[in-house]
Amino acid sequence: MRNQPSTQKEIPHNISYTVLGYGKPLMLLHGFAEDASIWENQIAHLSAKYKLILPDLPGTGLSKEFPATPHSTIDDFARLILQIADAEELEQFTLIGHSMGGYITLAFAELFPERLDGFGLIHSTAFADSDEKKENRKKSIEFIHKYGALRFLETMIPGLYTEAFALNHPDVIQDHIKPASGFKDSVFTSFYEMMMKRPDRRHVLEKFPKPILFVIGTEDKAVHLNESLDQCQLPVDHQVYILKNVGHMGMKEDPSIVNKALEEFLTYINKK
Ligand code: MLT
């Protein structure tokens with residue numbers, strides 16, 4: 001968002017979002033341990049043609065944590081996205097979510113399908129958490145309680161990238177950790193609780209009648225390649241981009257391909 005004329009806005013409960021650019025509306029929803037700044041490499045590219053709406057989920061970026069966050073669900077966050085869409089008077093828009101942002105995107109597509117002209121999942125999945133994943137999340141929650149969020153982030157974030165990328169781009173890793181190190185510990189633990197509780201949403205992929213985009217990293221350790229490939233067979237109308245030598249962070253690891261995928265997907269939607 002640096003160097004771009006943008007407007008900072010809020011909906012009730014001090015939930016902040018940034019609006020910039022002109023054109024058809026496109027909302028980009030960040031994932032876990034991120035805020036809207038994670039889209040920095042996409043913004044310059046897309047804001048020339050699209051009106052970008054970039055929410056900071058509760059407790060991240062400029063948004064306040066919900067008082068009721070420990071009891072929130074992914075669906076509650078989808079309702080927040082609706083409030084932002086209403087505040088911006090978006091009759092229909094495209095919603096793209098990274099990872100946890102993708103879980104919210106799927107909930108939104110189930111609850112309010114008529115508001116979308118298409119949606120995209122970037123390194124995300126419609127499958128619910130496996131037992132193994134839930135166990136790992138519980139261990140992460142214990143780690144955060146014991147050592148605090150900063151040590152957790154320093155351990156967790158580099159693993160979202162390929163080993164080679166993390167080694168060669170310490171600056172990108174630090175840029176990722178920095179904003180997240182300002183979030184309260186309870187933001188991380190409540191997001192983990194929300195993700196553990198979320199249902200399987202493969203039926204949303206099967207039933208959604210409009211285009212769906214999948215961006216997949218072959219080296220993604222958070223959303224495995226096989227799971228991603230399985231789910232992208234489900235929709236009636238889909239576009240799939242498989243990024244070689246990319247982990248869970250294509251927006252940072254290979255921004256030009258992610259930008260191309262978004263651009264082509266949006267052009268495809270606009271031609272419909
Ligand atoms: C994310 O990047 O949002 C998380 O990796 C999602 C997850 O842990 O499932």
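All ligand and atom numbering here is 1-based and tracks the order in the structure. Throughout, numbering of the chain's residues begins at 1 and tracks the sequence. Because the structure is predicted, anything quoted here is derived from the model rather than measured.
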Legend entry - Heavy-atom nearest neighbour in the protein, as seen from atom 6 (C) of ligand 1, with distance rounded to 0.1 Å: Ser99 OG, 3.0 Å
Inset, instruction - Using distance alone, decide if ligand 1 has a nitrogen or oxygen within less than 3.5 Å of any nitrogen or oxygen in Met100. - result: yes
Legend entry - Asp129 bridged to Arg198 by N-O distance under 4.0 Å: yes
Inset, instruction - Could you list which atoms of ligand 1 come closer than 4.0 Å to a heavy atom of Arg137? - result: 7 (C), 8 (O), 9 (O)
Legend entry - Distance filter under 4.0 Å to Lys133 heavy atoms, resulting ligand 1 atoms: 9 (O)
Inset, instruction - Determine, using ring centers only, whether Phe214 and Tyr241 are less than 6.0 Å apart. - result: no
Inset, instruction - Kindly determine whether Tyr192 and Phe32 satisfy ring-ring contact (aromatic ring centres under 6.0 Å, His included), including the steps that lead there. - result: CA-CA 9 Å; Tyr192 271 145; Phe32 178 79; 4.4 Å; yes
Legend entry - Salt-bridge contact Lys146-Glu142 (side-chain N to carboxylate O under 4.0 Å): no
Inset, instruction - Report the nearest protein non-hydrogen atom to atom 5 (O) of ligand 1: residue, atom name, distance rounded to 0.1 Å. - result: His248 NE2, 3.2 Å
Legend entry - N or O contact, Leu160 vs ligand 1, cut-off under 3.5 Å: no
Inset, instruction - Kindly state whether the ring of Phe191 and the ring of Phe77 have centres lying under 6.0 angstrom apart. - result: yes
Legend entry - Where ligand 1 meets Gly31 - atom numbers and elements under 4.0 angstrom, heavy-atom basis: 3 (O)
Legend entry - Ring centre gap for Phe208 and Phe119 strictly below 6.0 Å: yes
Inset, instruction - Could you tell me whether ligand 1 has any atom less than 4.0 Å away from a heavy atom of His30? - result: no
Inset, instruction - Go through ligand 1 atom by atom and flag the ones less than 4.0 Å from a non-hydrogen atom of Tyr103. - result: 6 (C), 7 (C), 9 (O)
Inset, instruction - Please find out if less than 6.0 Å separates the ring center of His176 from that of Tyr161. - result: yes
